[in-house]
Every structure is written in structure tokens, then in C-alpha cells.
4 protein chains.
Amino acid sequence: MSSSSLPRLGVGMIGYAFMGAAHSQAWRTAPRFFPLPFDVDMAVLCGRDEGRVRDAAARLAWHDVETDWRALVARDDVDLVDVCTPGDTHAEIAVAALEAGKHVLCEKPLANSVAEAERMVAAAEAAAAAHGVVAMVGFTYRRVPAIQLARQLVAEGRLGQVRHVRAQYLQDWIADPAAPMSWRLDRSRAGSGALGDIGAHVVDLAQFITGENLTGVSGMLETFVHERPVAAEHSGLHGTAGQGTAQVTVDDAAIFYGRLSGGGLATFEATRFAWGRKNAIRVEVNGSAGSLAFDFEDMNVLHLFDATEDTRTAGFRRIVVTEPEHPFVAAWWPAGHGLGYEHGFTHQVVDLLGGIASGEAPRPTFADGLQVQRVLAAVEESSTSGNRWVPIQETPAATVGAHE
Amino acid sequence: MSSSSLPRLGVGMIGYAFMGAAHSQAWRTAPRFFPLPFDVDMAVLCGRDEGRVRDAAARLAWHDVETDWRALVARDDVDLVDVCTPGDTHAEIAVAALEAGKHVLCEKPLANSVAEAERMVAAAEAAAAAHGVVAMVGFTYRRVPAIQLARQLVAEGRLGQVRHVRAQYLQDWIADPAAPMSWRLDRSRAGSGALGDIGAHVVDLAQFITGENLTGVSGMLETFVHERPVAAEHSGLHGTAGQGTAQVTVDDAAIFYGRLSGGGLATFEATRFAWGRKNAIRVEVNGSAGSLAFDFEDMNVLHLFDATEDTRTAGFRRIVVTEPEHPFVAAWWPAGHGLGYEHGFTHQVVDLLGGIASGEAPRPTFADGLQVQRVLAAVEESSTSGNRWVPIQETPAATVGAHE
Amino acid sequence: MSSSSLPRLGVGMIGYAFMGAAHSQAWRTAPRFFPLPFDVDMAVLCGRDEGRVRDAAARLAWHDVETDWRALVARDDVDLVDVCTPGDTHAEIAVAALEAGKHVLCEKPLANSVAEAERMVAAAEAAAAAHGVVAMVGFTYRRVPAIQLARQLVAEGRLGQVRHVRAQYLQDWIADPAAPMSWRLDRSRAGSGALGDIGAHVVDLAQFITGENLTGVSGMLETFVHERPVAAEHSGLHGTAGQGTAQVTVDDAAIFYGRLSGGGLATFEATRFAWGRKNAIRVEVNGSAGSLAFDFEDMNVLHLFDATEDTRTAGFRRIVVTEPEHPFVAAWWPAGHGLGYEHGFTHQVVDLLGGIASGEAPRPTFADGLQVQRVLAAVEESSTSGNRWVPIQETPAATVGAHE
Amino acid sequence: MSSSSLPRLGVGMIGYAFMGAAHSQAWRTAPRFFPLPFDVDMAVLCGRDEGRVRDAAARLAWHDVETDWRALVARDDVDLVDVCTPGDTHAEIAVAALEAGKHVLCEKPLANSVAEAERMVAAAEAAAAAHGVVAMVGFTYRRVPAIQLARQLVAEGRLGQVRHVRAQYLQDWIADPAAPMSWRLDRSRAGSGALGDIGAHVVDLAQFITGENLTGVSGMLETFVHERPVAAEHSGLHGTAGQGTAQVTVDDAAIFYGRLSGGGLATFEATRFAWGRKNAIRVEVNGSAGSLAFDFEDMNVLHLFDATEDTRTAGFRRIVVTEPEHPFVAAWWPAGHGLGYEHGFTHQVVDLLGGIASGEAPRPTFADGLQVQRVLAAVEESSTSGNRWVPIQETPAATVGAHE
């Protein structure tokens, strides 16, 4: 029944693990709930092992496969390249795709170093000028409706001037020393540990919600468990060959504080060693006129305190962010019928396609990704230099002026 | 890429409003996350208005359309009929489909009267014998992972003997008298109001989680707002013709208590007039060895109190039901990446197809639906006869023996 | 340093167990935090065993003792009699004290039967006329600041017309069948079980907060554990003599629903078998303009939903009821420094003395206590007569007009 | 009735504002609920204005007054000096009292500088040797039952090795720039702002609960509002004479992180600018075997996650810390009848008197107070020196060995 009159947009995706599955669900689902400016064609999936990528494509509903990402980038039926690989490959793939005139959606963190991220921003700018293509980085949590509402309320001035942000990303999946080695614990693949994997998200959320950037930080990284058993399927890890254990070469936890461009204070914590916290992305903002609080463990809720209310009845409001008036919600279910983790990916597709149609790169752009990368790098530098204050270079105003 | 070697199962769905959208998402999504015994073919969607059903089919990914449900039932490429229409049509459609040798998934409540429900159970039994088909009623909330876990814990004896159930379904979408008339407020279409629409769910959940049936009830129904404005699109409501207001002919709220087959006490409340409660399905169970508490407003969480623990450290445990060990969860995301409302529908498809493959009707069967219908009828009878105790006829043991 | 110029008010208290300790703390503490119209003299404590009552008086700071309550009532230095004994003695003591021209504070439930309560109301009215004394019943939870605020908000119309009350009092102290026999489980002493002990509180709270009375009920009582071990110290229980077990002669749980005088629906549950709930007094009110929710397990908090707010930012407000603007709070600590269980007793003393000074009996009066007694009796009658609806006689308007 | 045979202990208290009221309630209440080794005599209250101190003494139940603290210290009927004045006077008074052979209870922070605190520790050690007197600092929150339970669980090894502490003390009482000047905002009186007033508490709690000390910190202080109106009653503030505004000379907020002696990471935040947070003392601990979480806004509750539990039913337990098995609780009310803010002061008196009777200084000693002072000083130093890491000198092992 899909004799669509919309222009076709061919998507090629590289990688099909956790992120690949989430992105696939988004590509499949967005057209079913949202009016889109394109007829999305899930054209081709890329992975190195042909048998496995064929199985994945069948399962995830991709039409064709490639085993070499360069072949995927070169295909005429691919208009957009969706990069779901580990961070060490982001720069190379994204730059090639942009140079080939493809739109790019790249998973976070944008890259494993500031230098790579800068190269990607340059490529994105060049490709925008040359081909009119857009580049977006996948800080998906921005598109949880409660987070969008938080951003709206700050932008509307409901919180006044921001004085405090406290942001934490707490998990516990490697709190047990017997949890096996993973590419996410290998610096050569992942770039960093908790800092880049989950700390990047809360840095982005803090900046997104407040509409301000961090101007400097002081921080400390720590690795609690230095050696982990190698699970059979990970024997291909760098520097290991199926032997009993492998070295963890990234941080297990990162704590840092910083100053926002508007003068407020911000504290951050990212750890995978917080037993009992499964995916607790907590962001609190205190402004001169009110406060916000969010915890992803209750993702359909935003707490708002409005200091202009009568003291006698003032209190944090538990807003169930499932009303038609709330961002993205009208497309889904009636009030109270909450959304789940993967819905943010669908919303990301919606905004990405909207950006392509309008010719304006949707936020977060690669420049936004670079800004986060600079924060991460500054935390690392502080951590290795006596915890001293490390200022963060401004990203050109043109690309980060208006958030959202 | 889907050159599946699985046997094909053609699905025909009738209705494409709220429930139709949720079922469609389930039919599309189940094969992407779960290994299924069939290659699902979303063959045909049925609605009375050809233009609108064609639009819906394109949007929801159905291959073909019909405008007469009898035509859909008669099609050779339809193996399973999915009934997503208002309650007044359930019996006729489901019975016809079963007689035609089709599997049936029917939305809840099973019917608008006990007599209809009994006819449907008889048809399901006859069709099972004649054609080997299965019939399931859509009490979807059973398949929220936290509810499944609740059922498991009770079945394992973790709560001991059940002494109390308190179950509430609280909404607020018509708390405002200016909210427009809807078919759900029209007795001739919906059968009853809050009682059948949402009360049915908490009756089913109470019986499912405890593995016990209600043996009698006393109850009271109330209509707070007797006349409502007619929205333009509802001018076809029975007894109205675009005029300003229409009579509400169902209950706005139902309160009742009852006794469980194991001797415990149960209290129930269903209302759409609880300002601020959006979809608060709350079920608490107190047993001789512990307690459970659930609220759909925090749907990925189950609270468990284990009375055998040391008093000094005993307390309700907030179990985040997102671990691979939890029902249905391993197919989705890592721990803490919660599910949303529609995932229960996907799980329903998974179990329905498993039941078809095994030849055993998955719970809740039509007999389970009839049992709930009897409870609803008993509440209505009590309400109109001085709130006296109304016993509930037992459903044959064979069909409700083992809850799951 | 207390060379007070205030008139002296001599207090005589009968009973020194749980309630006696709480009342003593209130008598000692009220003058330290609140300006009072009297110089309170904790004159005399009464108990049957002289050695034990002397120890208690020393510990609780009473000046003298009596072993016969009639002697206490007869003393000239006693202006107010505080009755903290089990319910079977309330009527006799209170009536005698009133006839002797003493003010009376009587613990709840007012009596063990409606007839006794009626006698007490008559005595209170006669004594008020003859001696200008006041009589108050100890529904102390009314004076938790969050409950007072709830009452104020309803009285101010913030909730509009009341449509629903759901009230539960959940405890678990006898959920274990090995918990010993107590006078509270002996019908001849306590009158009833969960119904009168804790159900009475939630009936009173529902009526107090809404400013409406119950006009009828349907209910069911249940005893889960019929025989309990006798602890050594309880060997004097009626009908037992140190033997191994004693019969429980009261209800373990009560569930009932009713209608409020304004037309709203109310549901109630009182049980001591809710494992994990320690003193969960939960009251929720849904009105046409908003909702309230309270749980004594978080006693310094009131949740308010205001339906007139913009849907986008509406939500239950968690009001921390510790501001100077909140009832009784200014006398205590800064915001956020919450109160505990016994503070309600201090507030009760404050209002009682204010009522004595003004000559107006403070609510809840004996008439209020009688109204609750009638509700309890109606629940019992319904429970023993097929759960039928039992109307509740109106209490004369003069005595229950203005709540608070 | 108090013909006590216990030895008399005369108490003299200096200051009668917020802390004086709390301490008075504790001195009055402790003997009524706990068996004590002394007959407490609330002998004398000291304040500079005779009229006001006489009023306060009458209200708070002190027998006599002084207007010069030196006179109070010199009195023979004073065995213990309770210092409830601002921090700038602590050292002088406490040292004098110790030299006079009096026991001392001194409010926190111990002093306004490390040098003063060191002098106080030396005086305490000398007085202990010379007179056998004890000295205790008033970190009262240690004696909230839930905090005591937290300490016990860590000490028992239930959390394993501590990896993370995150501690926040959030208030909002000066978030409004129109809130008036106070001595707490005057560096010459208070020593510091949020850091010393409330940050001191969370530093102490973090060290108390974990049984570990901070070995270094990096931090940042901030003042958001530099000038505030002078309320009439504060015209005597240093450097002001009733004019319109006064300079705020302390920090409004402090953020810092540090390392614990066991290797774990700790983050801290103290602010009075967190709109909507009234007295939110939040402490979370993540260890190798489990986690704890506490928030004073729900002060009778401790959350415990035990990582050794089966994943399927593991979850944070909400322990309602009101059972007889819990610290201090058996003396009060039945389970679920929670305590309030001031109960910690009563528990402090109980332990202080126990320490005097046993001759062993109760924790927190002056040495514990000095340790906290060193942390505060290190945060200030880091804040003014590029946020660099500032190590914290060890306090002699003898005095901080066993926490609790």
C-alpha cells in the first residue's frame, strides 16, 4: 500500500550491534507514526562478516548488504550514511561519506579525539557548501520528550538565570570485576571509558538544556578494575588472543565540575560502578526562578519547581510528559501511555529528515559534537595535570548560537 | 533480505484507531526482535471508509484493504483475524472468524455482555476442535514485563497466601465536563464506561497476578457528567445528529470490592475523573509472606517486599525490570533502557504466535475474557440492587486452571 | 524561670502506655514552642498499679499519681481529664469527668458502640451548658500540617467538587501469625479491630479533609488469624490465664466504600496485614478542579494537582509542608526540617487549650467522634447482612457544620 | 515525682536562637524517653540581652540566666557547657570551658579556621587528661537513625569497598536576592557560607558513613548575590548601621570532589540556591558489594541495594527506619510512626551523657571537627589557587580510629 509520492531517501547503515538495532527500529518506525518529507528506503547494511551481516539485515529489515563500508559509501542508492561503529572509525567513515556527498548521522561520541572531531566538522562544513548535505551526531537522549520539554522551559525563561547543573550518568554493568572485557573498555577502540561513553551524554544534555556551554573544567578519572576476563566472542580484541584476561585501558569513572558560559556551576559524574543504578541519567538545573529535575529511570517524567508560585502551595511538579502538547508525543499514544528508550531514536530520524528537507543541519551538529569532545579532552587533561582548571576553547558562534 | 523459510501467517485486522495502531506496531515489530515460528504477513486491513482505510493501510504497513469485515474473514490469505473494533461488534466478528477456521485475537473487553461472551467461548471451543485454531483476548497489560514478574513471584510462592489485592485504574481524560462525547461513553457501543474499558483491565490483572478468581463482588457505579458536547467528527454517534450535546449513557466511575477464590480480599476502583492520574494502573498484593506493588505510571518497575528478610534491612525493593533475566526483556535493550506502552502488544503477538505453533491457546483465552465479563456484570447487578453481594459463577476449571 | 502570669490549668491523665507517652510529650512540649492561654500543670497521672504508675509519672514528668480514676476526676487540682485508656472505659470515665465539670480530651475511637458515643455526646452538651467545659476526641492525625493544608485547600475550593476519596490505613504489625495476642485484638476491650483502631482514623480524615460526611456504606470485615500466642505480660487478658493461645475476636481487616454528602464516592481499607507498610495512612481526593494525595510514610509532604494549570506543565506538586506559611510550622524549625509523629499531639494540645480559652469546643468534638462511630457501626452491619448498603444517620447540623 | 537517685549534671547553654531551641528540646526530652546516667539540670542560659535571655529561659525551661558567658563557665552548678553561638566565638568559649574543667558540646562547624580548631583539640586533650572531661562537636545529622543504620551497614561490610560517595546539601532559603542579610552571610561571624554551614555536614556524613577520611580535594566557591537588604533586626551586623544593603562576604555555593582514604571518589555540593530543595541532605554510597542512598527530605528512610542478591529480584530497598531494631528507635514509637528533625539532638544528648559516664569522648570529637575543618580549608585553598588538588593533612590515628 506504500505507493508513496515522496522523494526517496536511501539509507546505508554501518554496524548492527546495540546501536544498529536501535537505529534500525527508528528507520522502520518513524514513517509509521510521523509525516516525513521522504520515502525512507532501508537500502543497505554493512558489516565485515558476510554471513552475520546477512542475518542481521534479514532480522532488521535492510534490503541489501555490504562487507566494506567504502562500497556502501560509494553506492548510488545511498543518500545518507548512518555510522553505528565504535568511535575509532567514526572520523574516517564520516569524512569519506561527506566527501561523497552523503548526509551523515554519526553515533556519539563524535570521535576519539579533538583532532578527529575537528576534521569531521571541517568535512561537514565543506560538504554542506559543496553538496548541501547535513551531518548530525547521535546524542539521542536530547529527543526524549521530557528533555525536550526541559529545554523549552529554560529557553522560555521559566528558570531564569542558570546557577547550578548537577548531572550524573550512573550504571552498574561492570561493577562486578568478573564482567568480561569489551571493546568499550579498550582505549584504542573506544577512546575513553565512562567519560566518553556516558559522560559525553550528560555533558551534551547539560549544554543542550541550559543553552550554555562549559567554559572550563576540573576533573578526575579512575579505573577500579584493571584486568578483566576475556569472553570467547571478544578474543579478537586488540592485544589479546583468547587468553584469560585483558587489560582495561580506559576509565571506569569520571568526576568533574565546570563553569557554564552564563556563570553557573556544573558538576558531573559518570560511572559504571554504581550498583543498583541501571541507566540513571540524572540532570538537575537550578535557576534564579525555578528548578528542573530529570532521571532516565523514570523517563516519561520531568520535575519542575516554579519559584514564582505561592510558597504555601509551591512544590516540584511531577509532569508526566505524555500529553499531546508535549514534544513528539501527539504522534504516539494517549496521555499516560509512556514511551520507552528507543523512541528517542525515532524522533532523531524525524528531525534529521526534517533538516535534510529544509537544508538546515539539525542539532546536534558535528560542531556540537566537537564541543563535547573538547570538554572530554579537558577533563582528561585536568585529570593528568594535578586536577587544575582547564579552559575550553569556544566553538565558533555561528554553529552553536541557538540551541535546538 | 527476508527470504524466510518459515511458514507464512496472514493477518487481517479490523479497525485502525488507537488499538489498530498499537496492534500494527506489534505485528511490524515482533519479527525484528523475537524469533517467531511464522513469517507474519500483514495482509489486509479493514475499515468502512475506503479512502480512510487506504490511508491507514499505507501508514500502518498493511498490504491490502477491505471495507467489509466479512470479506476480510473470507479471504484465503488471512489466517488470523485481529479484532480492534468497539465492543458491540466483537461477538459477531469473532464468531464468524472462528467458524471460518481463523485464529482470532480480540480486543478487550471480550464482549458487551456475558451472553455474547459465552457465545464466543463456545465458538472458540468449537473452532479449536474443528480447525485447531486459537482464540485470545487482548488484556495486553499482562505482558508488561513487571506484571509478568509479579505473576511469577506469586506463582513461586514468594508472597505466600494472598490476603489483599488493591487495584485501581485512574485516568483523567474526561474529568473536564467540556471533554467531548465519544463512542466510549455510549452504552450501545461500549457496553459500559470506566467499568468495562479500564476496570476490566484491573480485574484481569488482579486475577492473573494472584492466579485466583473473584468469587463475588459488591459495587457501585456513578456518572458524574451526564451530557457532553458533540465534537464534529462524532456527529454519527447513535442518537445524535451533529447537535450540541449528547447523553453519556455509561458509568464514569466504578468502585467495588470482592473476595478471591483463595479467601483474600480485593478492592477495585476504575475512574476517568482522577485529575492528574494519566494512566495509573496500580496493583498491590499483600500475602502472608510478602507484598508487591506496581503502578503503570512507572511501568518498568516492580516493588517487592519480602517478609522473610531481616527486619533491620527489610524494605520494598524497587526492581527495575529491565534485566535479561526478566520476562521478554532479553530481546530488547541493555539494563535500564526501559520499554514503553506498546511493547506489551509486541509481547502479545509473540505469545499468540507461540500458541498457534504449539496448538495450545495462549492465555488470556476467551474463557478468561468471559470470567472478567462475569465480574463486570456482577458489579453492575450489585450496583442496581442495593449494593448487595453478587456471587460470580465459576468458569469451568479446565480452561482457567493454570494461569500464566 | 516560669513565674507565669497565665491562669493555671491542671491536667489529669489516665493511662500511660503508647498514647499516654504521646500525650505526655505534647503536654510537656506545647508550652515550649507555642504561646498558650494557660500555664499547664501536669498534675496527676492515673494507673491501677501504684508502683508502675509512680515510675511512669517520674519518667513522663507528672507531679502526682492516683490509682483510681474516680479519685483523679474528683481532684480540685484537675481541670482537664485526658483519657488514654482502651475504648471500653471511655464512656464511663468521660461522662463522669464531664459531670464533674472537667474538660475532657478522649482518645479515639470515641467509644466501643454508638450507644456509648451518644451518651458521651449528651454528657458533653450538658457539661458545656452547665459548666462551660469542652470535650474533644483525639483524632490526632488531623493536626499533621500536611493534613491541615489539605483541609484548607479543599475549603478554599481549590479542588472544586469532591468526586473521589480513596483512603487506606495499612500496617503489618500482626501480619505474622506468631505476633502475640493484645488487648487490641480483644473485642471486649477494643470494640473492633482494624476497623476501629485504624479505620476510624481514615474515616475521620476523609470527612475532615472534604468537609463532608459519609451518608452510607457497604463493607466487609475479615479475620485472617483466629488464634494467637499469649505473651507473658498479657496473661490478664479477658478469658485467658497464661495459657498458650487466645482467640482473636476482632477483625484483622476492613474494606468498605461509601458515598459522601456532596455526592462523591469514597473507598476505604484498613488492615494490619499489609506486609511492608508500617503506618501508611494514604488519602487521595479527586475533585472537579484538582487532586490531593497524602501518605503518612512521607508525612511532611502533600501532593497537589491543580487542573486549572496549563496542561504542558501541570503535574502533581510535591509540597514540602515545612514553610512558615503552613499550619503550625512557624513555631518549629526552618523549612525542610521536618516534623515527626508526635508533633500532631502537641498541635492538638494547642488547639484544645485555645478552645477552652475561647469557650468553643475544638473540632473534632464528641459529636464528630459519634459520627465516625456511626460509620464504623454501619460497616459492621453491612458486613453481617450480605454487604448491603447501610445508610448513616445524620449528626445534628449544629455540631458538625463548619469543619476545622 | 522526680526524686532521682542519679548524679546531677548541670548544663549551661550559651545562645538561644535556632540551635539553642533545638538543644533545649533535646535536654528536656532525652530523660523522658531514654534511661540516662545523670539527672540533667538545665541550670543556666546565657545571652547578652538580659530581658531577652530571661524570656528565652522561661520559654525553653532553663532555671537561671547569665549575660556573660564567662560567668556561666565559672559557675559551680554548671558541669557541661553547650555552645550554640556563631562560629567566631566557639574557640574562645570552648577553650575557656575546658580549662575550667567543664564538659563541652560545641555546635558545628567546630571553628572558623583550622588554627582555632587545632587550639580547641589541644584544649580538649589537655582537659581530658587534667579533668576527665569530654568534648563533642554537634554534627547532629549523624544521629538520624537512617544515617546510623547506613554507618552500621558499611561497617559490617555490606557495601564492600567504597568506590563512590556523592553528597549534596541543597537549600533555597537565599535563592531570592531579596532575602535579607544575616550573620550567616558575614564572613567575620560565620567563617564561610554554604561551605561551612551545610557543606561541613555532608563532609562529616560522608566520612562518618564510610569510616574513611578525605585525603585531598579540588573545589570551587561562588557567590551569586553580593549585596542584600538589611532587615531591621540585623542592623547590628558588622560594617552596617541600618542602611539599605550589606555586602555578602561568604560563598553562596561550594562544589568540590575528593578522594577517600580507601581509594574511592567523592563529589560534594553545598548550596542555598537550589530552588525547591528545602533541606535536601543527600548522600549516596556505591561500594563493590552494594549501594546506599539517603535524602533528609525523607529522613526516616534508607535505600539499600545489595549486589549479592539474585538479579531478578534485586532492587533498592526502601527501608523505613522505624523498627525497634533500628538505632535509637525502640525508645520512641511503634514502627512507621516516624521521627522529625529535632530527634537527632536528643540522640546526641543520650550519647554525650553516655560518653561522660564512661569517660570516653563520644564521636564526633573535637578531632573529628578539626578533620572537617581541614577539608573546608582545603576546598577554599583549591578554589583560590586554580582549582588545583589540595592534600589534606592526616589527623592523628588515635583520635579518629573507630568511627561511630
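Residue numbers start from 1 in every chain, and the chains themselves are labelled A, B, ... in the order their sequence lines are given, proteins ahead of strands. What you see is a predicted model, and the numbers here were worked out from it, not measured in a lab.
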### Message
Please determine whether side-chain contact (heavy atoms from CB on, under 4.5 Å) holds for the pair Thr271(D) and His164(A), giving the CA-CA distance in whole Å, both sets of side-chain angles, and the decisive distance to 0.1 Å.
### Response
CA-CA 9 Å; Thr271(D) 181; His164(A) 288 289; 2.8 Å; yes
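Counting heavy-atom pairs under 4.5 Å between each of Leu170(D), Asp172(D), Asp176(D), Leu159(D) and chain A puts Leu170(D) at the top. Comparing Ala266(D), Gly219(D), Ser385(D), Gly263(D) by how many heavy-atom pairs each has under 4.5 Å with chain A, the most go to Gly219(D). Per-residue heavy-atom pair counts under 4.5 Å with chain D were compared for Arg166(A), Gln161(A), Arg388(A), and the maximum is reached by Arg166(A). Heavy-atom pairs under 4.5 Å with chain A were tallied for Ala175(D), Gly264(D), Pro177(D); the largest tally goes to Ala175(D).
Residues of residues 283-291 of chain A lying within less than 4.5 angstrom of chain D, judged on heavy atoms, are Glu284(A), Asn286(A), Gly287(A), Ser288(A), Ala289(A), Gly290(A), Ser291(A) in numerical order.
With rounding to the nearest 0.5 Å, the separation of CZ in Phe268(A) from CD1 in Ile255(D) is 9.5 Å. Distance check, rounded to the nearest 0.5 Å: CG of Leu304(A) to CH2 of Trp275(D) gives 13.5 Å.
For the salt bridge (Lys or Arg N to Asp or Glu O under 4.0 Å) condition, no pair includes a residue of residues 245-258 of chain A, sequence neighbours left out. Within the structure, salt bridge (Lys or Arg N to Asp or Glu O under 4.0 Å) contacts touching residues 214-230 of chain A (residues at least two apart or in different chains) are Glu222(A)-Arg259(D).
In this structure, Arg277(D) is not positioned above the aromatic face of Phe305(A) in the sense of NZ or CZ being under 6.0 Å from the six-membered ring centre and within 45° of the axis. The side-chain tip of Arg163(D) does not point at the ring of Phe273(A) from less than 6.0 angstrom away and within 45° of straight on.
In terms of the side chain to side chain donor-acceptor pair (under 3.5 Å) criterion, residue partners of Ser218(A) (sequence neighbours excluded) are, by chain and number, Ser218(D), Tyr257(D).
At a 4.5 Å heavy-atom cutoff, Ala314(D) makes no contact with chain A through either its backbone or its side chain.
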